[in-house]
Amino acid sequence: NAGVMQNPRHLVRRRGQEARLRCSPMKGHSHVYWYRQLPEEGLKFMVYLQKENIIDESGMPKERFSAEFPKEGPSILRIQQVVRGDSAAYFCASSPESGGTNYGYTFGSGTRLTVV
Amino acid sequence: KQEVTQIPAALSVPEGENLVLNCSFTDSAIYNLQWFRQDPGKGLTSLLLIQSSQREQTSGRLNASLDKSSGRSTLYIAASQPGDSATYLCAVRTGRRALTFGSGTRLQVQP
């Protein structure tokens with residue numbers, strides 16, 4: 001029973017390149033959440049997705065960032081034209097299909113993005 | 001807008017002490033509250049989940065309480081061990097939105 005799988009664990013990109021982060025939720029979970037943790041700061045919500053739908057993207061920067069959760073395959077967080085300020089740990093969490101508020105969240109190990 | 005505050009920001013104790021970590025939130029209309037542990041450079045491990053209708057949850061040496069009306073939760077760690085050293089995060093769920101996190105308490109247990 002694999003947990004939430006994120007890859008890559010570490011990603012280095014030069015300024016201006018694209019970063020693509022992947023998240024496979026736990027088996028049976030169809031709700032995915034992305035968070036960003038800047039150095040020495042707490043986790044900040046970015047986006048909440050269900051299969052083929054963006055439910056809440058209020059925490060996502062308006063430019064350069066996008067997210068998807070296709071019918072098949074993992075959820076993808078895409079950052080275009082990365083800048084040094086994008087360097088952070090990006091965490092994905094999933095919750096069960098019901099999306100009920102009785103359930104807690106299960107987090108992946110994160111992707112640590114470094115922009116050089 | 002929900003805001004979550006954790007006190008203290010950092011704590012250093014000798015091994016064997018019992019300790020209390022505090023979490024407060026501004027909007028008491030929560031569905032649940034979750035305590036996590038984060039080791040340096042690692043992901044988050046869920047420790048305890050308390051539903052809004054519950055007052056406390058226990059797991060081994062950990063006990064978490066919730067007072068929803070006053071917007072407070074405490075995490076009690078009994079007989080602390082060096083392996084408990086980590087950052088402890090409190091997070092609340094309000095409605096269908098995702099979790100709102102506090103900034104964490106960084107705990108160091110000295111052997």
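So that the names make sense, note that chain A is the first sequence line, chain B the second, and so on, each numbered from 1.
- Checked against side chain to side chain contact (heavy atoms under 4.5 Å, CB included), B/S103 has no partners two or more places apart in sequence or in another chain.
- For B/Q81, the CD atom counts as densely surrounded, since its 6.0 Å shell holds more than 12 non-hydrogen atoms of other residues, nucleotides or ligands.
- Annotation: B/F36 is not in aromatic contact with A/Y105 [ring centroid separation under 6.0 Å not met].
- Crowding of A/R22 atom CZ: a count of heavy atoms from other residues, nucleotides or ligands under 6.0 Å exceeding 12.
- For a residue to count as touching a neighbouring chain, one of its non-hydrogen atoms must lie under 4.5 Å from one of that chain's; by this rule A/Q6 does not touch chain B.
- In this structure, A/R112 and B/K42 approach most closely via the heavy-atom pair NH2-O, 3.0 Å.
- With a threshold of 4.5 angstrom between heavy atoms, B/L33 does not approach chain A through any atom at all.
- When every heavy atom of A/Y35 is checked against every heavy atom of B/L99, the shortest pair comes out as OH-N, 2.8 Å.
- Hydrophobic clustering places B/V92 together with B/L21 (ILVMFWY residues linked when any side-chain heavy atoms are closer than 4.5 Å, directly or through intermediates).
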What verdict does the side chain to side chain contact (heavy atoms under 4.5 Å, CB included) test give for B/L44 and A/F91, after you've listed the backbone C-alpha separation in whole Å, the side-chain angles of each residue and the deciding distance to 0.1 Å?
CA-CA 9 Å; B/L44 280 69; A/F91 290 97; 4.2 Å; yes

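- Using a 4.5 Å cut-off between heavy atoms, B/Q6 does not touch chain A at all.
- In the displayed structure, B/R61 atom CZ is contacted under 6.0 Å by more than 12 heavy atoms of other residues, nucleotides or ligands.
- Contacts of B/S46 classified as side chain to side chain donor-acceptor pair (under 3.5 Å), with partners at least two apart in sequence or in another chain: B/Q34.
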